[in-house]
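Below is one structure, written out as structure tokens; comments come after it.
Any value given below was found using the heavy atoms of this structure, including those in side chains, with hydrogens, waters and symmetry copies removed.
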Amino acid sequence: MEMVKKLISLHLLFIIHILWSQNEKLSENSDQYKDIEQVVVTATRTERKLKDVPITTQVITSETVEKSKMANFRDFMEQELAGVEFTNNGGHANINFMGFGGKYVLFLIDGERMAGETFDNIDYNRIDMNNIERVEIVKGASSSLYGSNAIGGVINIITKKPKKPLQISASALYGSNNDQNYNLTFGTKQKWGSAGFSAFYKSRNPYLLTDTEALKQEYINGNIVEQKLNNSYIAGYTDYGFSPNVSIKITAKIRTEVNSGFYYQERNTGGLDGFKVRDQFHNFRTGMKTTFQLRENSDLVVSGSYDEYQKFDFYKLLNQKDKNYENKIWRVGSIYDVQLFGKHSLVAGAEAFSEDLLTFMFVSDGSGAKRDAQNYSLFTQQEWKLTDAFTLVTGARYDYHSQFKGHPTFRLSGMYKVNKNMTFRGGYSGGFRAPTLKELYTDWFHPYGGGFQIVGNTNMKAEKSNNFNISSDLNFKKLNITVMAQYSKIQDKINANWASSDTVQYINVGKTDVFSSEISLSYRLRKSLLLKGAYTYVYENPQKRSVTRPHTATLRADYTLDFIKKYAPTISFSGKYFSSMNTFATADITDVDNTIGIDTHTEEYKIYYEPYSIWRLQLSAPLFFNFTANAGINNLFDYKTKFSSFYSSISPGRTYYIGLNWNLN
């Protein structure tokens with residue numbers, strides 16, 4: 001923890017230095033103030049300007065998404081956010097967000113949960129990058145508003161809604177590995193409301209990673225075991241989807257919105273396996289929300305949603321497919337929001353949530369079985385504006401889970417505005433996470449790694465946590481700085497542990513502490529040059545369970561050749577650094593002794609993962625008739641991992657892309 005104390009001290013010293021040296025006056029027209037004037041909803045479940053949200057929230061705008069030119073949401077998140085890392089688990093993406101895995105991070109689309117998961121992660125390819133209005137990220141526990149799975153944070157993807165009578169945009173991108181991405185959106189806003197439609201198609205060929213060095217297992221007795229050099233395919237895919245939405249102004253005080261979406265993917269694992277068998281994924285979602293303005297200062301929102309996600313084994317040569325997974329979730333709820341005495345606010349709501357899961361992993365013979373769970377909840381959150389500078393937030397939620405009964409969670413936090421350019425936030429939030437259906441009921445033989453059984457455990461307890469966070473925002477004419485730290489104490493954490501040499505079982509392993517800190521800054525050195533950077537440190541105890549790289553950092557520089565005037569191109573240079581780390585595991589060791597014969601015992605070993613960085617160079621240039629040309633180099637310095645494993649980079653090396661956008665709005 002000494003390292004943690006030093007990092008906090010360095011963060012505070014850095015802030016003091018900036019404040020001491022900063023002597024420029026505020027500018028209400030600066031880029032930073034345009035950002036903090038945005039309206040967000042995730043942190044409070046009602047509309048608030050970002051500058052007035054009393055809970056630590058980060059917003060990524062559609063402009064940032066557009067500039068990234070990332071074909072999928074997973075790559076975008078990893079490149080944009082210092083505290084996000086994706087690893088390769090069984091060929092699928094596995095997120096680590098500020099020290100928390102996928103089962104602790106709640107992903108939403110327009111405030112609604114997403115069905116379907118692999119290794120506790122959603123299907124990130126479902127998300128249409130061209131249809132993102134903004135991404136709202138609440139860091140730290142939000143169980144008092146969102147219930148289970150929100151201990152690590154909430155990431156809410158807000159889709160685009162038409163703002164003008166006619167909006168049309170189209171884009172095309174082509175890159176290495178036959179990487180293709182095509183998008184089309186159009187919409188209209190009228191007196192009666194609005195309607196929009198977004199569609200996408202993307203594909204990429206599988207590619208092969210070839211080891212140049214052996215993975216080494218270093219045992220505590222000093223022995224080193226080198227694994228064989230290996231080749232690993234990274235899956236390719238063909239995706240398409242579309243999302244219609246409509247908003248109708250029924251009366252001056254009643255508005256109804258309907259959002260839907262369809263998604264299809266065929267996943268090619270590569271090699272001979274990918275030639276014979278493909279994975280297919282189907283998704284359908286729909287949701288409806290009606291807002292009633294009861295009075296000038298109060299609203300009632302009634303909403304419901306349904307999301308269905310299916311997986312199939314597609315036998316390409318036989319042209320037939322078998323369903324092996326189906327996840328259905330539905331939710332209905334209502335939220336009442338009222339302003340009290342002109343400055344306080346109250347939010348209260350109720351929700352009912354149900355999940356059905358069908359998978360071949362629930363029965364040992366692989367024939368498939370269905371399990372389900374329901375959750376009912378009441379919640380409230382109050383914002384008490386005690387003075388013009390200080391706002392106190394209190395919140396409470398009660399969840400009744402069909403398997404784990406009642407769980408209350410509470411929040412107490414506050415926001416203090418020192419002046420127009422300095423804000424502090426901090427507080428406490430309780431959290432809980434009920435075991436997933438897979439953690440409860442899995443009974444599956446894993447055929448790889450020598451073969452072993454994975455079994456669930458219906459006798460587990462729900463995880464509980466106490467979470468503390470503090471943050472500060474500083475906004476100047478040219479400079480924006482955000483510093484935050486959070487500390488979580490998790491009780492009865494659930495892990496998959498080896499119960500014997502051939503059986504893995506989910507159990508409550510005990511206590512875990514997670515500390516994370518982040519400092520980010522944005523500095524406009526001049527009108528044509530913008531610099532952005534962020535650094536994150538994560539510490540977990542016990543460290544031997546950690547699979548998090550403790551240090552990560554991002555850097556970005558955008559330079560616009562503004563002397564060219566109307567058609568000024570922008571050059572962007574960006575990168576991300578990942579520190580080294582050790583992971584720990586155990587293995588059965590068999591020794592032959594002349595006295596006692598064969599002796600089998602368990603020994604611990606570690607695997608060292610080297611540090612690395614990935615850099616990008618991009619060019620964007622406006623053209624005639626609302627066209628914009630784009631080109632770029634990914635992994636500019638051609639980094640390739642020495643060996644491919646769970647926690648190594650999956651980059652194929654240096655790749656290239658070109659693209660073209662057109663907008664009428």
Side-chain angles (χ1 to χ4, degrees), residues 60-81 125 127-132 168-185 198-207 234 236-239 526-533 554-577 612-640 649-665:
I60 301 175
T61 64
S62 58
E63 290 81 3
T64 302
V65 176
E66 170 63 25
K67 285 180 180 179
S68 74
K69 295 303 170 191
M70 291 293 191
N72 62 73
F73 190 70
R74 168 207 155 150
D75 291 343
F76 169 74
M77 290 286 290
E78 185 168 55
Q79 188 72 16
E80 184 68 22
L81 299 174
N125 275 30
I127 299 167
D128 181 0
M129 292 292 291
N130 205 51
N131 193 32
I132 296 176
I168 305 174
S169 67
S171 65
L173 180 146
Y174 182 81
S176 305
N177 298 316
N178 196 29
D179 195 350
Q180 301 181 57
N181 192 3
Y182 306 98
N183 297 88
L184 172 67
T185 64
S198 178
F200 70 90
Y201 172 90
K202 53 188 175 182
S203 66
R204 188 191 69 194
N205 291 341
Y207 58 86
I234 303 301
Y237 52 79
T238 298
D239 298 352
R526 48 188 290 189
K527 185 177 180 181
S528 59
L529 179 60
L530 176 65
L531 302 176
K532 297 176 69 175
T554 59
L555 177 67
R556 183 181 183 93
D558 294 334
Y559 180 64
T560 302
L561 305 177
D562 52 357
F563 58 85
I564 304 180
K565 304 302 180 184
K566 185 176 180 180
Y567 301 106
T570 298
I571 300 172
S572 299
F573 179 69
S574 62
K576 184 164 184 176
Y577 166 80
Y612 70 96
S613 61
I614 302 290
W615 297 87
R616 304 180 77 219
L617 184 64
Q618 301 168 262
L619 173 67
S620 177
L623 303 175
F624 299 98
F625 306 115
N626 298 321
F627 282 96
T628 303
N630 306 281
I633 306 173
N634 297 317
N635 198 348
L636 181 63
F637 302 112
D638 198 28
Y639 171 78
K640 296 178 183 178
S649 168
I650 62 170
S651 172
R654 187 183 297 116
T655 60
Y656 307 86
Y657 74 85
I658 57 173
L660 189 67
N661 289 34
W662 179 75
N663 284 283
L664 175 66
N665 53 33

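Counting only heavy atoms from C-beta outward, the side chains of Lys69 and Asn634 never approach each other to under 4.5 Å. Counting only heavy atoms from C-beta outward, the side chains of Trp615 and Ile633 never approach each other to under 4.5 Å. Considering only heavy atoms from C-beta on, Asn72 stays 4.5 Å or farther from Ile127 through its side chain. Within the 4.5 Å cutoff, side-chain heavy atoms of Ser572 are placed close to those of Arg556. Annotation: side chain of Lys576 is not in contact with side chain of Ile614 (no heavy-atom distance under 4.5 Å). Using a 4.5 Å cut-off on side-chain heavy atoms (C-beta onward), Asn125 and Tyr237 make contact. The closest side-chain heavy-atom distance from Glu80 to Thr554 is not below 4.5 Å. You'll find the side chain of Asn130 stays beyond 4.5 Å of the side chain of Phe200, heavy atoms only.
Once rounded to the nearest 0.5 Å, the distance linking OG of Ser62 with CE of Met129 reads 11.0 Å. Rounding to the nearest 0.5 Å places CE of Met70 at 8.0 Å from OH of Tyr657. Between Leu184 atom CG and Asn131 atom CG the span is 11.0 Å, to the nearest 0.5 Å. For the atom pair OH of Tyr174 and OH of Tyr182, the computed distance is 8.0 Å after rounding to the nearest 0.5 Å.
The minimum heavy-atom distance linking Ile650 with Tyr207 is given by the pair O-OH, 2.5 Å. Closest approach of Arg616 and Ser68 over heavy atoms only: NH1-O, 2.9 Å. Arg654 approaches Asp638 most closely through the heavy-atom pair N-OD1, 2.8 Å. In plain terms, the two heavy atoms of Gln79 and Ser574 that are nearest each other are NE2-OG, 3.7 Å. Closest of all the heavy-atom pairs between Pro569 and Ala621 is CB-CB, 3.9 Å. Residues Asn663 and Asn626 come closest through the heavy atom pair O-CB, 3.0 Å.
When atom types are taken as modelled, the side chain of Trp662 and the backbone of Ile168 share no donor-acceptor pair closer than 3.5 angstrom.
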> Checking side chain to side chain contact (heavy atoms under 4.5 Å, CB included) for the pair Val65/Ile60: CA distance, chi angles, key distance, verdict?
Replying inline: CA-CA 7 Å; Val65 176; Ile60 301 175; 4.3 Å; yes
>> Set out, in order, the CA-CA distance, both residues' side-chain angles and the distance that settles side chain to side chain contact (heavy atoms under 4.5 Å, CB included) for Asn181 and Asn183, then state yes or no.
In response: CA-CA 7 Å; Asn181 192 3; Asn183 297 88; 3.3 Å; yes
>> Could you walk me through whether Leu623 and Leu660 satisfy the side chain to side chain contact (heavy atoms under 4.5 Å, CB included) test, starting with their C-alpha distance in whole Å, then the side-chain angles of each, then the deciding distance to 0.1 Å, before giving a yes or no?
In response: CA-CA 10 Å; Leu623 303 175; Leu660 189 67; 4.2 Å; yes
> Can you check side chain to side chain contact (heavy atoms under 4.5 Å, CB included) on Leu531 and Leu555, steps first, answer last?
Replying inline: CA-CA 8 Å; Leu531 302 176; Leu555 177 67; 5.9 Å; no
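Remark: Thr64 pairs with Thr61 by the side-chain hydrogen bond (donor to acceptor under 3.5 Å, both in side chains) rule, at least two apart or across chains. With sequence neighbours excluded, the residues forming a ring-ring contact (aromatic ring centres under 6.0 Å, His included) with Phe624 are Tyr567, listed by chain and number.
Between the side chains of Ser620 and Thr570, not a single donor N or O lies within less than 3.5 Å of an accepting N or O. Side chains of Thr560 and Ser528: a donor-acceptor N/O pair is absent below 3.5 angstrom, by distance only.
Paired with Glu66 under the rule side-chain hydrogen bond (donor to acceptor under 3.5 Å, both in side chains), one option of Thr628, Asn630, Asn661 passes, and it is Asn661. Of the residues listed (Thr238, Asp128, Asp239), the one engaging Lys202 in a side-chain contact (heavy atoms from CB on, under 4.5 Å) is Asp239, and it is the only one.
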